[in-house]
Amino acid sequence: MNNFIYNIPVKVYFGENQLEHLGPEVKNYGSKVLLTYGGGSIKKIGLYDNVMHELKQMGVEVFEFGGIEPNPRIESVNAAIALCKEKGIEVILAVGGGSTIDASKVIGAGVYYDGDAWDLVTRKAPIKNALPLLTILTLSATGSEMDAGGVITKLSTNEKYGIGHESMLPKVSFLDPTVTYSVNAYQTACGSADIISHILELYFNTTEDLRMLDYMMEGLLRTVIDYAPVALKEPTNYEARANLMWASSWAINGFLNGGKRQAWSVHPMEHELSAFYDITHGLGLAQLTPRFLRYCLNDQTVARYVRFGVEVFGIDKTLEPMEIAERSIQSLETFFFETLGLQKTFTEIGIDRTHFKAMADKACRGKEIKGFITLKPEDVEKIFEMCL
Ligand code: NZQ
Ligand code: ZN
């Protein structure tokens, strides 16, 4: 068992009617605020007006940067950095899903860098500091509200990379399940697939670790499997939205990592799909994950699948291990493609073989992904083939 560090200093206000704390919390970090948001959903649900009301009451000066895209673009990030520098912004308030929050993290870091923020994303230049960030999460999916990472896209070169730095960790996050009532069925399904993938990237692991973390992961997986269908049927079911929201944060905030050190496998593959085809992150993960699991299944890895199938899907533990493993993958497919109603194949979403080689090389950063099993570009290409 490896040693590890646990350090997640994000203050979370969870639940309804907590916005009265927003003004004072923002003011703790500065008086000139950049309010960032996406394509306008926060205006439709009335959240924008509520936020403005709270900020104005505190007498802070508010500047706005809206229009941040899903799979946020570096061009938007650079434009917002220029605004921050011009206006002397002291604190950022991100109101939205993972895209808005991720972009805001890199905006905050870019303020401390002279040059194109793409240098930070590609690690050509190190991140040294970032403006303090507060978030109001509106979509349960990425966990960006409670982690220090951000993923930025440059569509012109088909590149999408994640970057992390402790200074980008939100100081405060507001998690009100009622603001996710308006998330449509497709985004609810994609978000749920994303949460599941974050857990499975850690669960399918070869590191000996705390058994406690296995139980936690299985509990979180079962939570999403129980509540995502409820949220789809009843979008305003508070219990379902609340369970998805807190599960999204805990899936990726670092707690489950324990002492695990191996690389994630499915996320780098998916980021290539988004970079080339601008698809929704969770959809790509839903298509790739069962195929990835099937590709990695062998006599050495089967035990993990057995535990997964028995503990998460309640598969009969007296069956043969390989039979349990296959049934567990099928159960996951049924959940993604039937229960959540996500499209099953690349073909259905307009992805063909054209870029398989380029995407596989980039996912492996030219070498390999050292994950649950080591994947070379030719392995990644085969997994892509399985998704057609
Ligand atoms: O832009 P608006 O108008 O707000 O609409 C958004 C967008 O169209 C909409 N939406 C969000 N909240 C809503 C809502 N619609 C109605 N009601 C609400 N309350 O949903 C759409 C998708 O939003 P987006 O922020 O793009 O979704 P998500 O939260 O899934 O974020 C995806 C991005 O996060 C990255 C992904 O790669 C992708 O770029 N990730 C970030 C991670 C991290 N920071 O740790 C980890 C993840 O693995 C992931 O890679
Ligand atoms: Zn993800």
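Below, each value reflects all heavy atoms present in this structure, side chains not excepted, and no hydrogens, waters or symmetry copies. Whatever order the structure lists them in is the order used to number ligands and atoms, beginning at 1.
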- prompt: Taking all atoms of both residues into account, what is the closest heavy-atom pair of Ser265 and Leu375, and its distance?
  reply: CB-CD1, 4.3 Å

- prompt: Do Tyr112 and Ser167 meet the criterion of a side-chain donor-acceptor pair at a distance under 3.5 Å?
  reply: no

query: Donor-acceptor pair, Asn158 side chain versus Ala275 backbone, under 3.5 Å?
result: yes

Neighbouring residues of ligand 1, heavy-atom cut-off under 4.0 Å: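 Shell around ligand 1 (4.0 Å, heavy atoms): Gly38, Gly39, Gly40, Ser41, Pro70, Asn71, Pro72, Gly97, Gly98, Ser99, Asp102, Thr138, Leu139, Ala141, Thr142, Ser144, Asp147, Gly149, Val151, Lys160, Val179, Ser182, Val183, Gln187, Asp194, His198, Ile252, His267, His271, His281.
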
task: Using 2.8 Å as the cut-off, count the protein N, O or S atoms closer than that to the Zn ion (ligand 2).
output: 4

[Y] side chain reached by [X] side chain, heavy atoms, under 4.5 Å:
X      : Y      : value
Ile89  : Val111 : no
Lys27  : Val91  : no
Tyr203 : Glu218 : yes

message: Under 6.0 Å from the ring centre and within 45 degrees of the ring axis: does the NZ or CZ of Arg307 meet both conditions for the six-membered ring of Tyr215?
response: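 Cation-pi check for Arg307 and Tyr215: passes.
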
message: Rounded at 0.5 Å granularity, tell me how far SG in Cys364 sits from CE in Met359.
response: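 These two atoms lie 12.0 Å from each other.
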
message: Counting only heavy atoms from other residues, nucleotides and ligands, does the tally under 6.0 Å from NZ of Lys85 exceed 12?
response: yes

